[in-house]
Amino acid sequence: MWALVGEEAPAQRAWRNFTASDGYPDASTSWTTTKVNGPTVLNAGTDAPWISSNSTALYGLAAIQDLALVGDALS
C-alpha cells in the first residue's frame, strides 16, 4: 500500500472503505451497552457487544494507512 502514496484512485478507494466497512459498525448498528453479571464474567459491569479488540486494532491500522494515502489531500 505504501507504494500507492500520492495516487488519487487508491486513496479514494481506501477512504471509501474506511468509512463504509473498516473497523466499527455503521449507524444502523445498535450502539447500546449491555449489563453483564453472574457466571459469565468475574466482575459485574457493562459490555459493548458490537466492539472487539480485533475490530479496534483493524480500525487503527486502516486509519494509519488511509492517512498515508490521503495525507497530501488533507493540507
Which heavy atom of Pro49 sits nearest to which heavy atom of Asp47, and what is that distance?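 It is CD-O, 3.3 Å.
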Hydrophobic cluster of Val41, others only, ordered by chain and residue number, side-chain cut-off 4.5 Å: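 Listed partners: Val36.
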Rounded to the nearest 0.5 Å, what separation is found between the OG1 atom of Thr46 and the CG atom of Asn37? 10.0 Å
